[in-house]
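To keep things clear, I will list the structure first and then write my remarks on it.
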Amino acid sequence: MNITRGLFRLWVVASGLWVIFVGFLSYEGIANPYVPGRAYYFRKDISFARQQADLEKSRAQTAWSNYKINTPDGFTYSMTGSSGDDAAKRVLAAIGTINYVDEPVVVERYTDDYRLLEEGVTRGVSEEIDVSVPDTVLFVGKSEPKDVKTRLAKEVYEGASKARELVVSKKRAEAITGAVELALVPPIIVFVLGYLLLWIGRGFRAR
């Protein structure tokens, strides 16, 4: 009986089945990589109010700090103030303008920041807008003019679609690399170990 030939054929068949099994397990991750849902929102331009606060801070006799201020719509701002209430008043007084900063804020789903945005919708002061990108929404003030909402949605669509494509491509490449390693490394290890065992076994044969 040719043990070496039989074991080699067994290894070939087992390796082929293993590769098929790994491909079956990895298909979904390669075809449809998981990308966490995201929310976007645009902060109002409060740079002038922040500059004024910094100027007053430099003249103040007491210590001032930077505060994280959450507005009723769930948007988050950073503002300098003598206290949290002072910083909040400065933010609320400054966001009356319809001017927005150019870059949106990106918030991951299932985070506290995302929950605050949803609470703004619950309060009726903001709304979600579907921007036609999977698992991506825009949060915007409900009282904003329609043309402003349309413009912001268009900007988010352009940026979010490109960002999603990059994330999907990266995750797909990582999934393919992982699948190839999982499919090839174990059979190679088994082959090497089997070869060594057969080589050792041949050393015990009588001449």
Minimum side-chain heavy-atom gap [X]-[Y] below 4.5 Å:
X      : Y      : result
Asp54  : Trp64  : no
Val140 : Glu127 : yes
Arg164 : Pro134 : yes
Leu25  : Tyr27  : no
Asp135 : Val35  : no

Under 3.5 Å, is there a donor on one side chain and an acceptor on the other for Asp73 and Thr71?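 Side chains of Asp73 and Thr71: pair found under 3.5 Å.
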Distance alone, cut at 3.5 Å: any donor-acceptor contact between the side chains of Ser47 and Asp45?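 There is such a pair between these side chains.
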NZ/NE/NH1/NH2 to OD/OE distance under 4.0 Å, [X] and [Y]:
X      : Y      : result
Lys44  : Glu144 : yes
Asp86  : Arg90  : yes
Glu158 : Lys162 : no

If you measure from CZ on Arg151 to OH on Tyr100, what distance do you get to the nearest 0.5 Å?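 Nearest 0.5 Å value for the CZ-OH distance: 8.0 Å.
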Quick one: list whatever passes ring-ring contact (aromatic ring centres under 6.0 Å, His included) with Phe139, sequence neighbours left out. Tyr114
Would you say that more than 12 heavy atoms from the other residues, nucleotides or ligands in this model lie under 6.0 Å from the [atom1] of [X], or not?
X      : atom1 : result
Lys89  : NZ    : no
Arg123 : CZ    : yes
Glu174 : CD    : yes

Can you tell which of Val190, Leu196, Ile189 makes a side chain to side chain contact (heavy atoms under 4.5 Å, CB included) with Val192? Leu196
Should the ring pair Trp11 and Phe191 be called parallel, tilted or perpendicular, given that the plane angle runs from 0 to 90° and is split at 30 and 60?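 It falls in the tilted class, 30° to 60°.
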